[in-house]
Protein chains: 2
Amino acid sequence: MRSTSRAETFPAHTPAVAQIFTTVLSHGPLTRLEVARRAGLSPAAVTKAVRPLLAAGYLAEDADGEARAALGRPANLVRVDGGRALFIGVKVTGDEVIAVLTDLCCRILLARRTPLTDRAARAVLTTVADLTHELRTAAEDFGAPVLGLGIAVSGDVDRAEGVVRYSPFLDWRDVALAELAAMTTGLPVVVDNDVRALTVAEQWFGAGVGLSDFAVVTVGAGIGCGLVIHGQVVSGAHGVAGEIGHVAIDPAGPLCHCGNHGCVEAIAGDAAILTRMREVTGRQVTDSAAAVALAHEQVPGAREVFARAGEAIGRGIATVANLFGPERVIISGEGLAAYDLFAEHILDSFTAAAFGSAARCDVQTRPLAFEEWARGAAAAAIQSFITSSPTPTGKG
Amino acid sequence: MRSTSRAETFPAHTPAVAQIFTTVLSHGPLTRLEVARRAGLSPAAVTKAVRPLLAAGYLAEDADGEARAALGRPANLVRVDGGRALFIGVKVTGDEVIAVLTDLCCRILLARRTPLTDRAARAVLTTVADLTHELRTAAEDFGAPVLGLGIAVSGDVDRAEGVVRYSPFLDWRDVALAELAAMTTGLPVVVDNDVRALTVAEQWFGAGVGLSDFAVVTVGAGIGCGLVIHGQVVSGAHGVAGEIGHVAIDPAGPLCHCGNHGCVEAIAGDAAILTRMREVTGRQVTDSAAAVALAHEQVPGAREVFARAGEAIGRGIATVANLFGPERVIISGEGLAAYDLFAEHILDSFTAAAFGSAARCDVQTRPLAFEEWARGAAAAAIQSFITSSPTPTGKG
DNA sequence: TGGCTTATTTTCCGCTGTCAATAAAAGAAG
DNA sequence: CTTCTTTTATTGACAGCGGAAAATAAGCCA
C-alpha cells in the first residue's frame, strides 16, 4: 500500500476493532451481543469498539430489528454504512481494463471498461489513471470519498511490495505498480494477483464468508485457484500458489505451454477447448461462444470436448480437496457460460477422484459477471483499508 | 487432551510465554535479545517471560557462550532444559506398536517395539499401556516426570477430540482413544494422525524449523503428506488433508484400492512396487528389501520400476508445490531405503512438473529411523503440553 | 580506575479487554 | 397503572500484558 497524499485511515487501533468490524461487514446487521459471540469477545468490548466506528460513520445503527423476540430489551442492530466510503477496483487483462466503483460493502455502484491497445506499463498506467479519475468524478454524486484503489493483475504479484513480478499476459517484469499508481492517483493502492483478489472478495463478501478453509477455482482462458487456509489467503513462499491449471493429470494429454503434458489448463482452458473443438468437428471455431454453440447444436463430438474439459476440472478440484480438505470449493470464471455442458462431468469426476472425507467438500458454482474481477480488486483495497494498521505494528 | 489425574501443566499464562519458549526450543540456546528479535517482542518482555520458566526449571541458563563478541557485556544463553520433563510417543501400525521415551527437546532416550497380534482397540490399548508403563518405569532413572503421552495412528484422526474416526489399517471406527488411554495411564494423552505428528516433529525439531510453509512427504507402504501453512499444521475441514497418495496422475495407471487409476500410491506405494516388480521380473518378490536388491543387482527392468515410482512421487510433490508454494518439501519414510534408486527421478520429474516459482521450492530428504514415527507422537504430546493453556481461553 | 560497549533488568505506563453491576427497553402480571 | 421479568447495552473499576526508557551489570581496553 503506497500513498502520496495523507489519506483518511480507518480508526482500527487494535486487532479487536478490525475483527469486530469485519464480522459486521461479512455477517450483515447484528446485535452487539451476537457480534461479541462471533468475535469471541465480551459484549463490553464490542460496545467500546463500536462507539468510535459509529462516530466515524463507518458503522450505523438500525433503528430496530423487525423480527423481535417477544421478551426483553429490543436489540439494536449494528451494520456497516456502505455509503460512508467508496473504493475503486481495476482489473487489467491483456485486452482491456475494467474498473468498478464500489461502496464499503463492496457493492458495485458503477462499472467501466476500456480496450487496451498498448500493454506497456506506462500505457496501462495511463488507462488506469483515466478510469480512476472518471470514476472518482462520478463518485462525487454519492457524497462519499474514494479511499482506496485496488488493481488486479494475473501472474506473479507481490502484494506486500506492490510489485508485479512477472505477468505473462502483459509481458511485465518487476513493475512497481502500486507506487506508480499511487503517484498518479494520489490514492492508497493495493496490487494483487487477480485470483487472490477474487478469493478475498469471496472470503469477505461471498460464498466463503465464515469459512476458514475454502478454495476458489476460476475457469476461463486459464484455470486458476485461490486458497484460504486457516482463514488466510495462501500466497506461497515464493508468491505463487494455487496453480491448479498446471496440475498434470494425464501424461498422455496435450502439450501445455508450460512444457508439460496433460495440465488441467491444457485440457480445459479456453484455448485448449477451441483447439480440440477444431480438431474434432473440423470447423473453424474462433471463440468460446462458438464452441458452446456447437455443443448446444449437438454437433457430433462437440459435447465430448466439454465433457473432457469438465472431467479435467473435476479431477483438479479433487486434487485440491485431497490435499488440503477445504470445506467448500467455489467454481467461477468466464468459462462458466458453458457450465451446463460442464457441470455434471465436473461433479462426477470430482466425486470419483476425491478420497474419503474429501468428498464431503461442498462444491458450488457462482456466475462471474465481467466486472467481478474488478470487484475482487476493490475487495482487496477494502481489506487493506480496514486491516492496515495506522500504528506501525510489525509481525514476526 | 484428556487426563484423569491432575497432571503438571506448563506455566504459559500468556501467548507470549509460549511463543518465547517455542522459539528457544526450536532455535537452540539464544540470548534474550535474540529471542526478543525472533519473537517480535521487546527484551523486557523476554526477561519477564523467561523468569518463571527458569524458576520452574523448563529453561536453564548456560554459564556463558564460548564464541563471544569482543565488546560489551557477555550474553547469557537461554536454553530449554530437556531433562526437566519427559514424554512418551507411541506409533501404532497394523503389525506392531513402537514407543519412545523422549525428553522435552524431543530427543529419544529409549525405544521399544512390540508385535501386535490383535488389532482390536482393547488389545492395542493394553499393549500401549504396557509399553507406557515399561517406559515410565525406566524413566525413573532420568529423574524427571513423564508429562504426556502421544499416540500416532494412520487414518482419519480428530486430534481435538482425541478420537480415531477411521483407521483402515486397524479397522477402527470412532475409537475414543485419548480418553481410554488417559484412563489406563493417568497421563494427558494426545492422539493424532501419524503423518501430522511427524510434521509437527519436523516443524518444531526438524527441517521445518523457522518455516511458515512447508510440506512433509512420506514414502512407504502408503504415500502421505503433511502440510504446514501459515505456520500451522493443516488438518482439513473434515479432518483429512495431505492425501497426496491419492492424487491421480495418470488415468492409464494401475488401479488403486481407492477405486481410481494412477494414484501416486498405486504406482509408488510399497505394494505397487512389489506387484510391478513381480510382473516385470517374473520373480517372487515378497518384500521391499528384495525389490531393492533386484534393482541393485541390475535385474532387467527392476530399476525402471523404481524410476517410475520416483517419477510419480516427483509429480505428486510438484502438484503440492504448484498448489501451495511451500518453501521446502521434506521427503521421508521407510521407502527412503531405496532412495538412491528414486532420488534422481523424483527431482527430475518435480523440476519438470513444477510451474514457475514453484520450482524454487527446496526439496530435501531425511532418513527415517523406525522410531521416528513414535517420536512424532511425542512431539505432538510436547506441543500439546506447551500450548494447551491452563487458562480456559476459547478461540473464535 | 575510568571509559566504552553491549546485555539485561527495572520501573513506570498506556492500553485492552474482562468482570460485575447498572441502566434501558420492552412485554407480562397483578 | 405499577411492578416484575427478561434480554440487551453500557459503565466504571481493574488486572495484566507488553512497551519505552532509564538504570544497572559485566566484561574489555586504555
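To find a chain, count down the sequence lines: A is the first, B the second, and so on, and within it residues start at 1.
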Listed pairs, N/O of protein and of nucleotides 13-15 of chain C, under 3.5 Å:
none

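- The distance from atom CG of B/Leu71 to atom P of D/dC29 is 8 Å, rounded to the nearest whole Å.
- As judged by a 4.0 angstrom heavy-atom cut-off over every strand, B/Ala16 is placed among residues touching the sugar-phosphate backbone only.
- Regarding B/Leu41, its CG atom lies at a distance of 17 Å from the P atom of C/dA7, rounded to whole Å.
- Between B/Glu202 and B/Arg375 no salt bridge is recorded (no basic side-chain N to carboxylate O distance below 4.0 Å).
- Across the protein-nucleic acid pair, A/Ile20 atom CD1 and D/dA9 atom C1' stand 14 Å apart, rounded to whole Å.
- Remark: P of D/dT7 and CD of A/Glu34 are 15 Å apart, rounded to the nearest angstrom.
- With hydrogens and angles ignored, a donor-acceptor pair under 3.5 angstrom links the side chain of A/Arg73 to the base of D/dT8.
- For the pair A/Arg51 CZ and D/dG12 C1', the interatomic distance rounds to 12 Å; values are reported in whole Å.
- Looking at A/Arg84, its side chain never comes within 3.5 Å of a backbone N or O of A/Ala60 through a donor-acceptor pair.
- In terms of position along DNA chain C, the nucleotide closest to B/Pro43 lies nearer the 5' end than the nucleotide closest to the other residue of the pair A/Lys48 and B/Pro43.
- Counting only distance, with no hydrogens or angles, the side chain of A/Thr22 and the backbone of A/Leu25 share no donor-acceptor pair below 3.5 Å.
- A/Arg32 has a side-chain polar atom (N or O) that falls below the 4.0 Å cut-off from OP1 or OP2 of D/dT10.
- Partner A/Phe21 forms a ring pair (Phe, Tyr, Trp, His ring centres under 6.0 Å) with one of A/Trp204, A/Phe385, A/Phe10 and no other, that one being A/Phe10.
- What separates CG of A/Leu77 from P of D/dT7 is a distance of 17 Å, to the nearest Å.
- Distance alone, capped at 3.5 Å, is enough to place a donor-acceptor pair between the B/Arg328 side chain and the B/Ala207 backbone.
- Across all strands, B/Ala44 comes closer than 4.0 Å to base atoms (heavy-atom distances).
- Taking every side-chain heavy atom of A/Thr47 into account, D/dT10 is the closest of C/dT18, D/dG19, D/dT10.
- In this entry the distance linking CZ of B/Arg37 with P of C/dT6 reads 14 Å, nearest Å.
- A donor-acceptor pair under 3.5 Å is absent between the side-chain atoms of B/Asp158 and the main chain of B/Gly162, judged by distance alone.
- Proximity of a side-chain donor or acceptor of A/His230 to a complementary backbone N or O of B/Ile229 within less than 3.5 Å is detected.
- Using a 4.0 Å heavy-atom criterion, one finds that A/Leu33 contacts the sugar-phosphate atoms exclusively.
- To the nearest angstrom, P of C/dA7 lies 14 Å from CD of B/Glu61.
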